[in-house]
Amino acid sequence: NYSIGYVPGTQTQQALYNNDITKILYYFDAVEDDYVLPETITEIPAGTFRAKGGLTGITLHSGVKHIGDEAFKNCGSLARVTILDSTGENITELELGNNVFQGCDELVEVTLPTRMRKAGSGLFKGCKLLENVVIPEGVTELGDEAFSASTDYSVNNLKTVSLPSTLEKFGTYATVNGAEALVSLNAFMGCNFLEEIKVAEGNTKFFTNDGILYNNVYDDNFKAEVQQLIVCPSGKVGTANVIANITKVWPNAFKNNTET
């Protein structure tokens with residue numbers, strides 16, 4: 001048994017659900033419209049909307065708790081994403097898998113909720129028209145290549161990124177000398193127009209100064225905290241004022257900084 005969802009006000013079939021509408025089984029490829037997820041559905045399985053070329057906008061209600069890997073990957077017409085926040089005392093925390101919005105070429109508007117906690121790698125990878133992204137307070141983990149271009153030979157139009165004070169992990173981590181350490185952060189590769197990275201005050205792991213991203217880490221012996229320069233935005237114009245006492249400048253930190 002199954003239920004069919006229609007485009008509001010029409011007889012056009014839009015989605016296929018199980019009988020009690022707690023799972024979405026299929027989204028019809030030919031439909032060109034925005035889509036509002038029914039409030040009875042709390043999870044979006046991996047690849048559910050992958051390459052659905054007619055999908056132009058998506059609204060997810062405040063009860064959605066998990067979005068699977070590549071759920072919206074390569075949705076070539078997807079322009080707007082709205083994930084609603086919880087209201088009141090009952091908060092449904094949200095986690096996103098890997099490459100959820102990768103390759104959404106037309107994506108220009110994204111609203112993420114404060115109930116969001118984690119997102120895997122490649123969140124907005126290859127979203128070449130996206131110019132401004134705010135990762136909300138409450139997010140603690142953000143995977144690598146979150147905003148990077150789709151290939152080494154392509155670029156994104158990203159101009160500003162705002163990161164929360166709650167962010168603890170950003171990039172790729174590995175065990176080094178018995179402790180977990182950040183070993184790679186390629187989140188901004190190909191973001192040649194990026195002008196500024198912002199980190200909210202109070203973050204103990206990452207911070208920005210003059211739009212440049214730094215991290216607070218322990219030295220190789222994990223005995224003293226040191227500061228390292230991770231990346232200077234490629235679109236930064238003029239002088240890059242680096243703070244004093246930096247112990248390391250990461251590889252590719254100034255890659256494609258033609259006007260810095």
Side-chain angles (χ1 to χ4, degrees), residues 1-5 8 14-28 33-52 55-75 78-104 107 109-125 127 130 133-147 161-173 187 200 203:
N1 294 329
Y2 58 85
S3 297
I4 297 175
Q14 190 173 34
L16 190 67
Y17 311 104
N18 64 341
N19 194 44
D20 57 358
I21 315 181
T22 56
K23 296 180 180 179
I24 180 170
L25 306 176
Y26 185 77
Y27 186 84
F28 293 99
D33 210 325
D34 289 5
Y35 175 69
V36 178
L37 187 77
E39 293 191 0
T40 49
I41 297 175
T42 59
E43 297 189 28
I44 299 177
T48 299
F49 296 89
R50 183 169 47 216
K52 301 297 183 181
L55 184 65
T56 55
I58 182 77
T59 299
L60 305 180
H61 61 86
S62 60
V64 173
K65 59 186 179 182
H66 181 75
I67 303 175
D69 294 351
E70 301 183 2
F72 298 93
K73 183 178 179 180
N74 294 337
C75 288
L78 183 62
R80 298 168 300 280
V81 171
T82 301
I83 306 178
L84 299 178
D85 229 326
S86 297
T87 57
E89 297 181 357
N90 296 321
I91 297 176
T92 301
E93 295 187 349
L94 171 66
E95 293 190 8
L96 288 77
N98 297 318
N99 310 107
V100 170
F101 298 106
Q102 180 180 347
C104 294
L107 188 59
E109 182 181 330
V110 175
T111 302
L112 301 173
T114 57
R115 62 188 184 86
M116 177 177 163
R117 295 295 177 262
K118 300 178 182 180
S121 61
L123 181 60
F124 296 113
K125 183 176 181 178
C127 296
L130 199 57
V133 178
V134 177
I135 303 298
E137 288 293 325
V139 174
T140 59
E141 295 184 23
L142 187 60
D144 212 351
E145 299 186 333
F147 314 102
V161 171
S162 297
L163 303 172
S165 65
T166 52
L167 189 64
E168 298 174 357
K169 297 176 67 175
F170 183 23
T172 301
Y173 289 75
N203 191 306

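For reference, positions follow the sequence shown, starting with 1. Fair warning: this is a prediction, and the values are worked out from it, not measured in the lab.
Between T166 and N203, the closest side-chain pair of non-hydrogen atoms is not below 4.5 Å. The shortest distance between side-chain heavy atoms of L96 and F101 falls below 4.5 Å. Using a 4.5 Å heavy-atom cutoff, the side chains of T140 and K169 are not in contact. Residues V110 and V133 fail the side-chain proximity criterion, which asks for heavy atoms closer than 4.5 Å.
Note that the CZ atom of F49 and the CZ atom of F72 stand 5.0 Å from one another [nearest 0.5 Å]. Considering OG1 of T48 and CG of L37, their distance stands at 9.5 Å, rounded to 0.5 Å. Distance check: L55 CG to D34 CG gives 7.5 Å after rounding to the nearest 0.5 Å. Annotation: the span from K118 atom NZ to L167 atom CG amounts to 12.5 Å, rounded to 0.5 Å. Expressed to the nearest 0.5 Å, how far OG1 of T111 lies from CG of L60 amounts to 11.0 Å. Atoms CD and CG, from E109 and L78 in turn, are 10.5 Å apart once rounded to the nearest 0.5 Å.
Taking A15 as the reference, Y17, I24, Y27, Y35 meet the side-chain contact (heavy atoms from CB on, under 4.5 Å) condition, with sequence neighbours excluded. The side-chain contact (heavy atoms from CB on, under 4.5 Å) search around T40 returns I21, P38, not counting sequence neighbours. Contacts of T22 classified as side-chain hydrogen bond (donor to acceptor under 3.5 Å, both in side chains), with partners at least two apart in sequence or in another chain: N18, D20. When the side-chain hydrogen bond (donor to acceptor under 3.5 Å, both in side chains) test is applied to T172, the partners found at least two apart in sequence or on another chain are D144. For E93, the salt bridge (charged side-chain N to carboxylate O under 4.0 Å, His left out) partners at least two apart in sequence or on another chain are R117. Remark: R115 pairs with S62, V64, I83, D85, S86, I91, T92, L94, P113 by the side-chain contact (heavy atoms from CB on, under 4.5 Å) rule, at least two apart or across chains. In this structure, K23 has no salt bridge (charged side-chain N to carboxylate O under 4.0 Å, His left out) partners at least two apart in sequence or on a different chain. Taking E39 as the reference, H61 meet the side-chain contact (heavy atoms from CB on, under 4.5 Å) condition, with sequence neighbours excluded. Contacts of D69 classified as salt bridge (charged side-chain N to carboxylate O under 4.0 Å, His left out), with partners at least two apart in sequence or in another chain: none. For F28, the ring pair (Phe, Tyr, Trp, His ring centres under 6.0 Å) partners at least two apart in sequence or on another chain are Y26. Qualifying side-chain hydrogen bond (donor to acceptor under 3.5 Å, both in side chains) partners for S162, counting only residues two or more places apart in sequence or in other chains: none. Residues that satisfy the side-chain hydrogen bond (donor to acceptor under 3.5 Å, both in side chains) test with S3, not counting sequence neighbours, are absent from this structure.
Across every non-hydrogen atom of R80 and L107, the tightest pair is N-CD1, 4.0 Å. Contact detail for I135 and L142: the closest heavy-atom pair is CG1-CD2, 4.2 Å. Nearest heavy atom pair, residue A119 against residue M116, reads CB-CE, 3.8 Å. Of all non-hydrogen atoms in Q102 and G122, the two that sit nearest each other are CB-O, 3.9 Å. Heavy-atom minimum distance, A200 versus P164: CB-C, 4.0 Å. When all heavy atoms are compared, the tightest approach of H66 to G68 is NE2-CA, 3.7 Å.
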